Amino acid sequence: MELKTTVVVPTYNERENLPKLVELLTALKIPNLHVLVVDDNSPDGTGEVADKLTTEAEIPVGVVHRTVKDGLGRAYVTGMTRALDEGADIVIQMDADLSHPSEAIPRMLEKLRTTDAAVVLGSRYVPGGATASDWPWHRKALSAWANFYVNAILRLHVKDATAGFKAWHAETLRAIDVGSVQSNGYAFQVEMNYRVVKRGLAIAEVPIHFEERSEGVSKMSLSVQIESALVPWKLRFTRRP
């Protein structure tokens with residue numbers, strides 16, 4: 001049997017983008033591909049759109065409705081845990097805003113299949129990758145600095161430490177105890193990578209062209225930025241059993 005691959009997609013006010021994303025995933029024709037939407041009670045009706053997709057989409061779509069909006073990390077933990085409980089062999093984490101190119105997924109899955117990688121990152125900073133062409137220079141500089149900052153503190157040895165587009169072996173998520181991850185935002189991505197590295201597991205990267213969202217607004221907040229700056233130090237100096 002083909003391995004079950006579940007794409008976990010957190011949503012908050014993404015009613016325009018979500019159907020487009022499901023169409024793009026359907027077009028990949030990947031056997032046994034499922035989508036799991038984790039909606040944080042979106043006031044724009046994204047949850048209702050997701051429910052409609054469960055009966056109308058050409059690939060299996062599931063929905064988790066959360067009543068509290070408490071961050072991207074918490075939404076991913078909820079979705080990943082549900083995906084594991086439902087028998088996923090591979091879990092892909094992917095934003096709903098169309099910034100992550102769906103056409104990279106087959107290459108990410110192939111890298112998982114043919115190497116010893118425990119997780120594969122869709123990377124903007126390996127040869128062939130790129131950030132959004134319409135990003136202003138200061139945003140590109142901030143992204144590059146964030147990756148340098150994280151790697152300098154935690155020595156992850158990856159080019160795109162804050163990447164949010166990833167393909168995981170299910171056993172990797174269990175090994176790092178994904179249910180106990182507490183960080184949010186970019187800090188969530190960093191902590192997940194750090195747990196992989198601390199367990200001696202391999203991280204691989206494939207190039208992607210990151211695109212800026214075309215619909216909706218960014219969810220980045222000051223609190224997320226502050227957490228992203230502090231969490232690497234917390235991880236570095238906190239002893240875990």
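Fair warning: this is a prediction, and the values are worked out from it, not measured in the lab. Quick note: numbers below take in every heavy atom, side chains included, and nothing from hydrogens, waters or symmetry partners.
No side-chain donor-acceptor contact under 3.5 Å links D40 to the backbone of Y12. Checking side-chain atoms of Y76 against main-chain N and O of M94 turns up a donor-acceptor pair under 3.5 Å. The main-chain N or O of V49 is never found under 3.5 Å from a side-chain atom of R15 such that the two would form a donor-acceptor pair. Counting only distance, with no hydrogens or angles, the side chain of E14 and the backbone of T46 share no donor-acceptor pair below 3.5 Å. Under the 3.5 Å distance criterion, the side-chain polar atoms of E205 are matched with a main-chain donor or acceptor of D160. No donor-acceptor pair under 3.5 Å is formed between the side chain of T6 and the backbone N or O of H34. With T54 contributing its side chain and D51 its backbone, the two residues share a donor-acceptor pair below 3.5 Å. The backbone N or O of N13 sits less than 3.5 Å from a side-chain atom of S42, completing a donor-acceptor pair. The closest donor-acceptor contact from the side chain of R195 to the backbone of I176 lies under 3.5 Å. Under a 3.5 Å cut-off, the side chain of R107 and the backbone N or O of P207 do form a donor-acceptor pair.
The two residues L84 and A170 make their nearest non-hydrogen contact at CD2-CB, 3.6 Å. Residues V38 and G79 share a closest heavy-atom pair of CG2-CA, 3.6 Å. Listed here is the closest heavy atom pair of V206 and V126: C-CG2, 4.0 Å. In terms of heavy atoms, T115 sits closest to K111 at OG1-O, 2.6 Å. Here the closest non-hydrogen pair linking A83 and V91 is CB-CG2, 4.0 Å. A pairwise comparison of heavy atoms in L72 and N184 identifies N-OD1, 3.4 Å as the closest pair.
Rounding to the nearest 0.5 angstrom, the gap separating the CD atom in Q189 from the CG atom in L121 is 9.5 Å. In this structure, NZ on K69 lies 10.5 Å from CG on D39, to the nearest 0.5 angstrom. From Q93, atom CD reaches atom CG of L36 across 13.0 Å, with rounding to the nearest 0.5 Å. Between D95 atom CG and T11 atom OG1 the span is 11.0 Å, to the nearest 0.5 Å. Between atom NE2 of residue H169 and atom CG of residue L3 there is a gap of 9.0 Å, rounded to the nearest 0.5 Å. The line from OG1 of T55 to CG of L53 is 8.0 Å long, rounded to the nearest 0.5 Å.
Looking at heavy atoms from C-beta onward, L24 lies out of side-chain contact with L28 at the 4.5 angstrom threshold. L156 places none of its side-chain heavy atoms less than 4.5 Å from the side chain of I203. Using a 4.5 Å heavy-atom cutoff, the side chains of F165 and I92 are in contact. Contact annotation: the side chain of L21 never approaches that of V35 to less than 4.5 Å [non-hydrogen atoms, C-beta and beyond].
Enclosure of atom NZ in K4 by more than 12 non-hydrogen atoms of other residues, nucleotides or ligands within 6.0 angstrom is indicated. When the shell of 6.0 Å around CD of E58 is examined, it contains 12 or fewer heavy atoms from other residues, nucleotides or ligands.
Qualifying side chain to side chain donor-acceptor pair (under 3.5 Å) partners for S102, counting only residues two or more places apart in sequence or in other chains: none. The side chain to side chain donor-acceptor pair (under 3.5 Å) test applied to E110 returns R113, not counting sequence neighbours. Residues that satisfy the side chain to side chain donor-acceptor pair (under 3.5 Å) test with T172, not counting sequence neighbours, are absent from this structure.
A salt bridge does not link K52 with E48: none of the charged nitrogens is closer than 4.0 Å to a carboxylate oxygen.
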Output, in order, the C-alpha distance, side-chain angles, deciding distance and verdict of side chain to side chain contact (heavy atoms under 4.5 Å, CB included) for T162 and V190. CA-CA 6 Å; T162 61; V190 172; 4.2 Å; yes
Evaluate the criterion side chain to side chain contact (heavy atoms under 4.5 Å, CB included) for residue pair W168 and V196; output intermediate values, then yes/no. CA-CA 11 Å; W168 298 85; V196 173; 3.5 Å; yes
Could you walk me through whether T67 and N41 pass side chain to side chain donor-acceptor pair (under 3.5 Å), step by step? CA-CA 5 Å; T67 58; N41 197 25; over 6 Å; no
From CA spacing to verdict: side chain to side chain contact (heavy atoms under 4.5 Å, CB included), N193, K166: CA-CA 10 Å; N193 291 337; K166 301 177 182 177; 3.0 Å; yes
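For the residue pair E191/Q182, the side-chain donor-acceptor check at 3.5 Å is not satisfied.
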